Amino acid sequence: MKAGGKLIVIDGGFAKAYQSTTGIAGYTLTYNSNGLVLAMNEPFESKNKAIEEGLDIKSQTILKENILTRKRVADTDIGEKLKEEINDLKQLLISYKEGVIKESV
């Protein structure tokens, strides 16, 4: 972590070559509307072993930063565009109800 916790650098530990040095299988950084999660993954042997023994990738959360106000679609660029389209449709409906726009037959 750098820049006072604002920058997180993750190096590829899923490569088997690093696992003997680090003892882990890398990190997974996820972000969703609730916040940021950094998980440390344990080594994964093989797909066949996982299927045969019903195993999964095990991970331990090592950093979790919750957001006080959840992000919603309305908070994104797409959300802004949707708000504009909704506004346009409302204006169109008002124009239709006031007779400014006539129904085409």
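Bear in mind that the values here come from a model prediction, so they are computed numbers and not experimental data. For the numbers below, each heavy atom of this structure counts, side chains included, while hydrogens, waters and symmetry mates do not. The first residue in the sequence is number 1, and the count goes up from there.
Annotation: the span from Ile101 atom CD1 to Leu93 atom CG amounts to 9.5 Å, rounded to 0.5 Å. Gln60 CD to Asn41 CG: the interatomic distance, rounded to the nearest 0.5 Å, is 10.5 Å. Taking CG of Leu92 as the start and NZ of Lys97 as the end, the distance is 11.5 Å to the nearest 0.5 Å.
Every residue two or more places apart in sequence or in another chain that forms a side chain to side chain donor-acceptor pair (under 3.5 Å) with Lys49 is listed here: Glu45. Every residue was checked against the side-chain contact (heavy atoms from CB on, under 4.5 Å) condition with Asp77, not counting sequence neighbours, and none meets it. Checked against salt bridge (Lys or Arg N to Asp or Glu O under 4.0 Å), Glu53 has no partners two or more places apart in sequence or in another chain. For the side-chain contact (heavy atoms from CB on, under 4.5 Å) test, residues two or more places apart in sequence or in another chain that qualify with Tyr31 are Leu36, Ile67, Lys71. For Ile94, the side-chain contact (heavy atoms from CB on, under 4.5 Å) partners two or more places apart in sequence, or in a different chain, are Gln91, Glu98. Listed by chain and number, the residues in a side chain to side chain donor-acceptor pair (under 3.5 Å) with Ser33 are Arg70 (sequence neighbours excluded). Applying the salt bridge (Lys or Arg N to Asp or Glu O under 4.0 Å) rule to Lys90 yields no partners; only residues at least two apart in sequence or on another chain are considered.
The hydrophobic cluster around Val73 extends to Ile78, Leu82, counting ILVMFWY residues whose side-chain heavy atoms fall within less than 4.5 Å of a member.
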Item to check | Stepwise side-chain contact (heavy atoms from CB on, under 4.5 Å) check, Tyr96 with Lys102 | outcome: CA-CA 7 Å; Tyr96 175 75; Lys102 304 289 183 202; over 6 Å; no

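Salt bridge Lys81/Glu84: absent, no basic N to carboxylate O contact under 4.0 Å.
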